[in-house]
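Quick notes on the structure that follows.
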2 protein chains.
Amino acid sequence: MLAGTDRKREILSVSQRLFKEKGYSTTTVREIARELNIEPASLYSHVHSKEDILDQICFGMAEKLLLAIDEVNDIYFDAEGKLRMMVDNHVGILTDDLNAAIVFIKEWRHLSEPRLSEFVRLRKRYEQGLREIIQTGIDEHKFNEIDKKFGALTILSTVNGIIDWYKPEGNLKPKEIADSLYTFIWSGLRLDN
Amino acid sequence: MLAGTDRKREILSVSQRLFKEKGYSTTTVREIARELNIEPASLYSHVHSKEDILDQICFGMAEKLLLAIDEVNDIYFDAEGKLRMMVDNHVGILTDDLNAAIVFIKEWRHLSEPRLSEFVRLRKRYEQGLREIIQTGIDEHKFNEIDKKFGALTILSTVNGIIDWYKPEGNLKPKEIADSLYTFIWSGLRLDN
DNA sequence: CCTACCGATCGGTAGG
DNA sequence: CCTACCGATCGGTAGG
């Protein structure tokens with residue numbers, strides 16, 4: 001299977017949690033190994049390097065999000081539908097794998113070249129997808145002639161912000177968060193009329 | 001003076017830039033020293049430790065922001081005025097010292113106890129100030145009965161998001177950014193009528 | 001998956 | 001602000 005062996009998935013899972021708690025740089029391969037009750041050297045049978053782990057977390061999330069936004073822009077035709085589904089997908093993907101999402105958003109810059117540039121390219125493609133949604137709204141005379149880049153980045157930081165406070169065991173469910181955020185963003189962009 | 005000697009301010013300035021570029025953990029005291037053309041050991045005449053540098057950056061920004069939001073809640077009486085001035089202050093403080101702002105927002109968790117807890121307390125006080133603004137709007141029947149905590153955190157991530165793309169040499173000035181963000185947030189929270 | 005190990009580098013101190 | 005230095009720890013490899 002694509003996700004690798006059981007052991008490999010365990011390594012990724014433990015690493016995500018540690019990278020989230022202490023940051024990538026501060027987490028040591030010794031800590032990861034200890035949580036798995038194996039020797040540090042044994043990790044290297046499953047991953048090429050510490051950065052390899054970060055790489056798989058970051059690109060895994062990036063691919064999920066890109067797939068989702070491409071689907072939105074393929075299927076929906078009006079801005080309202082596009083925005084609603086985009087926010088719903090985005091919140092769903094982040095909350096579904098919160099540790100990975102936090103690492104993806106906060107630790108990607110510790111990737112080294114050439115993967116760093118490849119990652120930045122994927123992120124730009126996502127922003128481009130967001131701009132397409134905003135452009136649809138402008139064409140429909142629903143949105144202000146807002147600077148599309150400004151709008152895309154503002155939407156992104158608004159939805160990504162949930163990772164700092166979302167708690168799976170809390171009473172605010174992903175679907176409700178997505179609904180609130182959609183309303184907030186839609187109203188914020190909407191032309192007054 | 002409060003900011004310390006010239007040399008100390010140079011150390012903070014160089015550290016802010018390096019912490020922003022590479023993250024706190026990945027930056028070494030040797031790199032900081034090299035940029036100042038001194039030996040690593042010489043840094044310790046001006047700061048107690050590497051963490052001491054991070055401490056001063058994080059608490060410096062926190063104090064500026066707290067002072068500003070307290071002023072807003074003291075002076076302005078209606079939600080529109082409060083929100084407008086809060087966004088303006090917040091964007092102004094972040095953009096005025098962008099490197100420090102980025103470190104403040106992204107690296108504070110590398111503080112160790114007991115300073116870490118003190119920092120978190122300051123951040124909670126700021127969120128409390130934001131909730132006070134939202135409450136004012138609810139009392140005036142301008143805002144939806146939005147969950148105040150959700151609203152405060154969403155506002156925060158929306159305004160903080162600018163640090164990821166703001167460029168001092170760009171054509172979008174802090175005042176314009178603040179105006180756009182204010183409109184976005186105000187409309188997003190506003191009751192439809 | 002383990003034992004045994006390595007070169008590099010880390011933050012920081014002593015003493016001037 | 002420098003010279004000289006230290007104990008600790010890092011990511012990773014060889015070889016089984």
Side-chain angles (χ1 to χ4, degrees), chain A residues 3-59 103 106-116 119, chain B residues 3-59 103 106-116 119:
Chain A
T5 62
D6 282 356
R7 201 42 148 177
K8 175 132 175 214
R9 267 181 275 116
E10 283 186 293
I11 292 173
L12 288 181
S13 168
V14 163
S15 301
Q16 281 163 12
R17 183 165 45 78
L18 290 172
F19 291 171
K20 172 199 71 176
E21 288 167 2
K22 336 191 0 162
Y24 172 76
S25 313
T26 318
T27 302
T28 67
V29 294
R30 283 165 174 79
E31 289 172 303
I32 297 170
R34 194 183 315 130
E35 300 247 343
L36 294 162
N37 292 311
I38 58 176
E39 294 302 315
S42 305
L43 283 171
Y44 292 88
S45 308
H46 302 97
V47 294
H48 298 303
S49 65
K50 184 185 168 190
E51 186 176 331
D52 183 26
I53 301 176
L54 179 65
D55 190 290
Q56 297 190 41
I57 298 169
C58 290
F59 280 84
V103 173
K106 299 193 164 176
E107 305 293 335
W108 59 268
R109 66 196 166 126
H110 292 110
L111 293 168
S112 59
E113 297 295 353
R115 293 295 273 169
L116 180 59
F119 182 85
Chain B
T5 62
D6 282 358
R7 200 42 146 177
K8 175 134 176 215
R9 267 181 274 115
E10 282 186 293
I11 293 173
L12 289 181
S13 169
V14 163
S15 300
Q16 280 163 12
R17 183 165 46 76
L18 290 173
F19 290 171
K20 172 199 72 177
E21 288 168 3
K22 335 191 3 165
Y24 172 76
S25 313
T26 319
T27 302
T28 67
V29 295
R30 283 164 173 79
E31 289 172 304
I32 297 170
R34 194 183 315 129
E35 300 246 345
L36 293 163
N37 292 312
I38 60 176
E39 295 302 315
S42 305
L43 282 171
Y44 292 88
S45 309
H46 301 96
V47 294
H48 298 303
S49 65
K50 184 186 168 191
E51 186 176 329
D52 183 26
I53 301 175
L54 179 65
D55 190 290
Q56 297 191 41
I57 298 168
C58 290
F59 280 84
V103 173
K106 299 192 165 177
E107 305 293 334
W108 60 268
R109 66 195 167 128
H110 292 110
L111 293 169
S112 59
E113 297 295 355
R115 293 296 272 169
L116 179 60
F119 182 85

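We name chains A, B, ... by the order of the sequence lines, and we start the count at 1 in each one.
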Can you tell me how far [atom2] of [N] sits from [atom1] of [X], to the nearest Å?
| X | N | atom1 | atom2 | result |
| --- | --- | --- | --- | --- |
| Leu36(A) | dC1(C) | CG | P | 9 Å |
| Ile11(B) | dG12(C) | CD1 | C1' | 15 Å |
| His48(A) | dT13(D) | NE2 | C1' | 15 Å |
| Tyr44(B) | dT13(C) | OH | P | 7 Å |
| Leu43(B) | dC10(C) | CG | C1' | 14 Å |
| Glu31(A) | dT9(D) | CD | P | 11 Å |
| Lys50(A) | dC10(D) | NZ | P | 9 Å |
| Lys8(B) | dC1(D) | NZ | P | 14 Å |

Regarding Thr27(B), tell me which of base, sugar-phosphate or nothing describes its non-hydrogen contacts under 4.0 Å with the strands shown.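 Sugar-phosphate: the residue Thr27(B), judged by heavy atoms under 4.0 Å, touches backbone atoms but no base.
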Regarding His46(B), tell me which of base, sugar-phosphate or nothing describes its non-hydrogen contacts under 4.0 Å with the strands shown.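 Sugar-phosphate, backbone atoms only, no base.
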Test log, rule salt bridge (Lys or Arg N to Asp or Glu O under 4.0 Å), inputs Glu31(A) and Lys22(A): CA-CA 11 Å; Glu31(A) 289 172 303; Lys22(A) 336 191 0 162; 2.7 Å; yes
All stems with DNA chain D, defined as three or more consecutive Watson-Crick or G-U pairs under 3.5 Å: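 Detected stem regions: C:1-16 with D:1-16.
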Aromatic ring pairing Phe119(A)/Phe59(A), orientation class (parallel under 30°, perpendicular over 60°, tilted between):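 Judged by the thresholds at 30° and 60°, the geometry between Phe119(A) and Phe59(A) is perpendicular.
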Reading 5' to 3' through nucleotides 2-8 of chain D, protein heavy-atom contacts under 4.0 Å coded B for base, S for sugar-phosphate only, - for none: BBB----
Does Lys50(A) count as lying over the ring of Tyr24(A), i.e. NZ or CZ under 6.0 Å from the six-ring centre, within 45 degrees of the axis?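 Here Lys50(A) passes the 6.0 Å and 45° test against Tyr24(A).
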Side chain to side chain contact (heavy atoms under 4.5 Å, CB included) partner of Phe19(A), chosen from Thr26(A), Val14(A), Ile53(A):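 Considering Thr26(A), Val14(A), Ile53(A), a side chain to side chain contact (heavy atoms under 4.5 Å, CB included) with Phe19(A) is found only for Ile53(A).
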Knowing that exactly one of Asp55(B), Leu54(B), Asp52(B), Ile32(B) qualifies, which makes a side chain to side chain contact (heavy atoms under 4.5 Å, CB included) with Val47(B)?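 When side chain to side chain contact (heavy atoms under 4.5 Å, CB included) is applied between Val47(B) and each of Asp55(B), Leu54(B), Asp52(B), Ile32(B), only Asp52(B) qualifies.
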May I ask you to test the Glu21(A)-Arg109(B) pair for a side-chain heavy-atom distance under 4.5 Å?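 Of all side-chain heavy-atom pairs linking Arg109(B) with Glu21(A), none is under 4.5 Å.
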Could you list by number each residue of residues 13-22 of chain B showing a heavy-atom separation from DNA chain D of less than 4.0 Å, or answer none if no residue does?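 Listed by number, there are none.
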Begin from the C-alpha positions of Lys20(A) and Glu107(A) and carry the test salt bridge (Lys or Arg N to Asp or Glu O under 4.0 Å) through to its verdict. CA-CA 9 Å; Lys20(A) 172 199 71 176; Glu107(A) 305 293 335; over 6 Å; no
Gln16(B) side chain to Val103(B) main-chain N or O, any donor-acceptor pair under 3.5 Å?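 Checked: no pair found.
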Using the side-chain contact (heavy atoms from CB on, under 4.5 Å) rule, take Val29(A) and Tyr44(A) through it: C-alpha gap first, then chi angles, then the decisive distance, then the call. CA-CA 10 Å; Val29(A) 294; Tyr44(A) 292 88; 3.6 Å; yes
Indicate whether the side chain of His46(A) and that of Thr5(A) have a donor and an acceptor atom separated by less than 3.5 Å.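 No, because no side-chain N or O of His46(A) sits under 3.5 Å from a partner of the opposite role on Thr5(A).
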Between Glu35(A) and Arg17(A), is there a side-chain N and carboxylate O pair less than 4.0 Å apart?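 Yes.
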